[in-house]
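Heads up, the thing below is written out as structure tokens.
Every chain is numbered from 1, with letters handed out A, B, ... down the list of sequences. On a predicted model such as this, the values are computed, not experimentally measured, just so you know.
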Amino acid sequence: MTLYNHNEIEKKWQKRWRKDNLYKTTEKKGQEKIYVLDMFPYPSGEGLHVGHPKGYIATDVFSRFKRMNGCNVLHPMGWDAFGLPAENYAIKNKIHPRIAVEKNVKRYKEQLEMIGFSYDWEKEINTTDPAYYKWTQWTFLQMFKKGLAYESHEPINWCPSCKTGLASEDLEDGKCERCGSIVEKRPLRQWVLKITDYADRLLKDLDELDWPESIKESQRNWIGRSEGAEFEFILQTTDRKLPTSLKVFTTRPDTLFGATFVAISAELAQKWIDTGWEVNDEIKKFVEKTLKKELARAADEVPEKEGVNTGILAKNPANGEEISVWITNYVLSGYGTGAIMAVPAHDDRDFEFAKKFNLPVVEVIKGGNIKENAYIGSGGLVNSGKFDGMESEKAKKEITKFAGGKEKVQYKLRDWVFSRQRYWGEPIPLIHCEKCGIVPVPEKDLPVELPEVEHYEPTGTGESPLANIFEWVNVKCPKCGGEGRRETNTMPQWAGSCWYYLRYIDPKNEKTLIDLKKEKYWMPVDMYVGGTEHATRHLIYARFWHKFLYDIGTVSTEEPFMKLKNQGLIMGSDGKKMSKRFGNVINPDDIVRNFGADALRVYETFMGPFEASIDWSTDNLVGSRRFIERIWNISEKISLTDEIDDIIFNQTIKKVTDDIKNFHFNTAISQMMIFLNSLEGKEKISQEKFETFLKVLAPFAPHITEELWEKLGHTRSIHLEKWPSYDVSKLEHNTVSIAVQINGRVRGEFSMPRDATEEVVKAQALSLNSIQKWVAGKNIKKAIYIKNRLINFVV
RNA sequence: GCCCGGGUGGCGGAAUGGUAUACGCGAAGGACUUAAAAUCCUUUGUUCGAAAGGACGUGUGGGUUCGACUCCCACCCCGGGCACCA
């Protein structure tokens, strides 16, 4: 018996596959295309741990399966390498980010190759390659020209440690998603993309996508659509500097008669002051204090409600009542109009505020006890004039009409803060000219390359380190030829990943972002696999970016990713997230060296359902290694005749075929184990059937199957073989075991030929000793017969 | 608070109305061996019983059904998303 030396065999085949370019993308006519995509990794300094390849293994199994089924498969890999992690790593280790990225990419690629993935490396891309980011910049320019990119000075989230502004998507519980620092608000000049223009389409088109419900739900929450109405309250004031009316948005127009005051945000009050509203010291101080607190406040902190009465009165458009206008710290400035109608009887927050400041609470919806709490449910109207008695749902429309409001839809989604005050990102291709204003860099001058710098540490001043490189910053204005300055902000980490799936199709293209003919062939992505952490970042940004490209005719589909699957996390063996911090990281290199890539691949697919989070267990991995080894050993029993159970054999082909399609890899492996167990103790195994078994195993364990395939005399790779079919007539045994139940409890069992009639089964069942004692002297009310499975007597 | 998932042996898990615990790990016993490792075979939900056999058993409590891990109602616990969004 020859020894199974996984290291030698796996290295041998990896080398051979590379040499033969075995996994080169094909575009054979008349064959189905399938685009199988992994969320490309961010090459960090730590290298891969065993959790990372879980998704890659799944897509690799799937791609290999599709190739064997005759499909044209596009299965590429690349590197998302701009952004904070690479830059922070570079700063910490005092090397240039470019060098750090090169080093990390090399390491990642080595690690991936050890696992035996079938990527077409001719398609490799890197978002930090100028030939790549040329087109990231190009798309930004198109957005700028369409008015979707604009400059803003609004206060935004600022990470004091990373020293850059952030998008709301980059926060986690009010902390910087990268470094965990508490994020502050800071007014900053910044570039913003109008993703809100796409809110309705981003929401609506989710319905068409074959994505996990939880991801779709996260996006729906994030987009946050609310239907309601906008009302205009006439302001009763003699101050001519004040607006004459105030708009509010509400989802509860049915409660309009219960509005007892109007609340506005401090930001809105400040705007009024800026335009000349004369205010007393108390109001002035309150606004200043509130604005200051808001800047310093952690994003998830909910402070005690504060407010001050402006003395201004507003006329309720429903009943003409004059109610007071308050400046408060609980109305959000960035949502709706920055002002609300407060209905204390039917809103928790307004109730709390009204109680604190002794404002009236008027019940307009029946159903609660408004002395104790706000009632936010629905019900019949009261105190609402002619609408008394009407149901709240109906009243929403009626009162909106009556009070001159208009129906309106609001979204929570905010525009995408798109600039970072950092070095390691795509330069924003704009030039500031004193005469012409903001001028786009002409397309022929793209890419605007990131210049070499001595110091790339962030400045913390709100300017990127690029601002200090005068020879780069100072340029001629492309429009008037006068003095100009380059935009020094760079793009966020997520920019490059918004369209990388298009670049894979044609990675060397210099003329256009994508050749539309090639795009039409491969898009959309048929199978996209990655982690759930991208639900409201990458997966929203990329959809937005793609829809924009669709609108300008660059791509042919409205959505980039038709089918999405999320792999579950592999946790440390201690149940904690695998991380250097907890010292529970398992390195795939060690596993491959000690147990083999095939064992790792089988284990990661066998450990549980693909979507489930499961703790790593090297003990359990041993079972997968044993499986591989048993196949090796059993291959020595091959002969011309065989004793293989035909039924198990055909069931195995069917089960593996169906399970790979559905990403049920764990049960596919278990079926192959059942097959292998059925060979145990048998002396004769035919080459033909064993080869078929190798073929269905090949996507999971590409190395050992290739080696055994060669040993059996083949010169062409097993991975180029056709996927086997099974004999439908040989999926079930001719004899079945029938369970006999009395009142639903199993009391006996016997064997029968398949498809026996009820009479025969009944007679046989009742003749059993074990059954007789249960039915003796009792009246059988009825018998339920489930063909080939069981018979149940009700006594 | 609202919205998604999920809860099955000692452990990872299988079964989507029809014999609960497939497959794997671990454990116990046996074979081989001078011995150990490796490998192979057997047993392995709990409990009562010498055995035959019985009772209990898929988070908890109810319901539908001849029959429920599976469907319905209520609740508890765990994981994730959103959250002063009017």
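Under the Watson-Crick or G-U wobble criterion, with both distances below 3.5 Å, B:C2 is paired with B:G81. Look at B:C40: its Watson-Crick or wobble partner, with both distances under 3.5 angstrom, is B:G30. Across the strands present, B:G10 finds its partner in B:C25; the criterion is a Watson-Crick or G-U wobble pair with both atom distances under 3.5 angstrom. Within the shown strands, nothing qualifies as a pairing partner of B:G49 under the Watson-Crick or G-U definition with both distances less than 3.5 Å. Nucleotide B:C71 forms a pair with B:G63, judged by Watson-Crick or G-U wobble geometry with both contacts under 3.5 Å.
Note that A:Lys576 lies in the cation-pi zone of A:Phe582, set by a 6.0 Å cut-off to the ring centre and a 45° limit from the axis.
Considering only side-chain N and O atoms, A:Tyr330 lies nowhere under 4.0 angstrom from the phosphate OP1 or OP2 of B:A86. Note on A:Ser226: a side-chain N or O is less than 4.0 Å away from OP1 or OP2 of B:A86. Proximity of A:Trp222 to the phosphate of B:C3: no side-chain N or O atom is located under 4.0 Å from OP1 or OP2. Within the 4.0 Å cut-off from OP1 or OP2 of B:U19, at least one side-chain nitrogen or oxygen of A:Arg789 is found.
Between the A:Asn734 side chain and the A:Pro753 main chain, no donor and acceptor come within less than 3.5 Å of each other. Between the side chain of A:Asn329 and the backbone N or O of A:Glu304, at least one donor-acceptor pair lies under 3.5 Å. Of the possible donor and acceptor atoms, none in the side chain of A:Lys185 sits under 3.5 Å from a partner among the backbone N and O of A:Pro155. A side-chain donor-acceptor contact under 3.5 Å links A:Arg543 to the backbone of A:Leu202.
Atom pair A:Arg537:CZ and B:G81:P shows a separation of 9 Å (rounding to whole Å applied). To the nearest angstrom, C1' of B:A14 lies 11 Å from CG of A:Asp659. Remark: P of B:G53 and CD of A:Gln772 are 16 Å apart, rounded to the nearest angstrom. In this structure, the CD atom of A:Glu533 is 13 Å from the P atom of B:C82, given to the nearest Å. To the nearest angstrom, P of B:A86 lies 18 Å from CG of A:Leu246. Separating the NZ atom of A:Lys216 from the P atom of B:G5 is a distance of 12 Å, rounded to the nearest angstrom. Note: CG (A:Leu676) to C1' (B:U39) measures 14 Å, nearest angstrom. For the pair A:Gln567 CD and B:G79 P, the interatomic distance rounds to 21 Å; values are reported in whole Å.
Nucleic acid contact for A:Leu332: base, since at least one base atom lies under 4.0 Å from a heavy atom of the residue. Among the heavy atoms of the strands, none lies under 4.0 Å from A:Trp616. When heavy atoms are screened at a 4.0 angstrom cut-off, A:Lys782 is found touching the sugar-phosphate backbone but no base atom. Contacts of A:Ser770 with the nucleic acid, taken as non-hydrogen atoms under 4.0 Å apart, are absent. Backbone-only contact: A:Pro609 has heavy atoms under 4.0 Å from sugar-phosphate atoms and none from a base. Here A:Arg747 lies in heavy-atom contact (under 4.0 Å) with sugar-phosphate atoms only. When heavy atoms are screened at a 4.0 angstrom cut-off, A:Val331 is found touching base atoms of the nucleic acid.
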Footprint string (nucleotides 20-30 of chain B, 5' to 3'): B base within contact, S backbone only, - free, heavy atoms under 4.0 Å: --BBSSS----
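Distance noted for atom C1' between B:U44 and B:G10: 11 Å (whole Å). Taking atom C1' on both B:C11 and B:U19, the two are 25 Å apart, rounded to the nearest angstrom. Nucleotides B:C40 and B:C25 place their P atoms 10 Å apart, quoted to the nearest Å. A gap of 27 Å separates the P atoms of B:C32 and B:C23, to the nearest Å. For the C1' atoms, the distance linking B:G62 with B:A14 amounts to 28 Å, nearest Å. Here the separation of B:G12 from B:A36, taken at their C1' atoms, is 30 Å to the nearest Å. Comparing the P positions of B:G17 and B:C71 gives an interatomic distance of 8 Å, to the nearest angstrom. B:A68 sits 11 Å from B:U16 when the C1' atoms are compared, rounded to a whole Å.
Put simply, the side chain of A:Lys305 and the base of B:C84 share a donor and an acceptor less than 3.5 Å apart.
For A:Ser214, the listed nucleotide lying nearest its side chain is B:C4; candidates were B:C4, B:C84, B:G12.
Take the nearest nucleotide of RNA chain B for A:Gly608 and for A:Leu790: the residue whose nucleotide is more 5' is A:Gly608. Two residues, A:Glu217 and A:Gly748, neighbour RNA chain B, and the one matched to the more 5' nucleotide by heavy-atom proximity is A:Glu217.
Surrounding NZ of A:Lys356 are more than 12 heavy atoms belonging to other residues, nucleotides or ligands, all under 6.0 Å away. For A:Lys305, the NZ atom counts as densely surrounded, since its 6.0 Å shell holds more than 12 non-hydrogen atoms of other residues, nucleotides or ligands. Other residues, nucleotides and ligands place more than 12 heavy atoms under 6.0 Å from the CZ atom of A:Arg754.
In this structure, the side chains of A:Lys654 and A:Leu731 come closer than 4.5 Å at one or more pairs of heavy atoms.
You'll find the ring centres of A:Phe665 and A:Phe663 inside the 6.0 Å limit.
With a glycosidic angle more than 90° from 0, B:G13 adopts the anti conformation.
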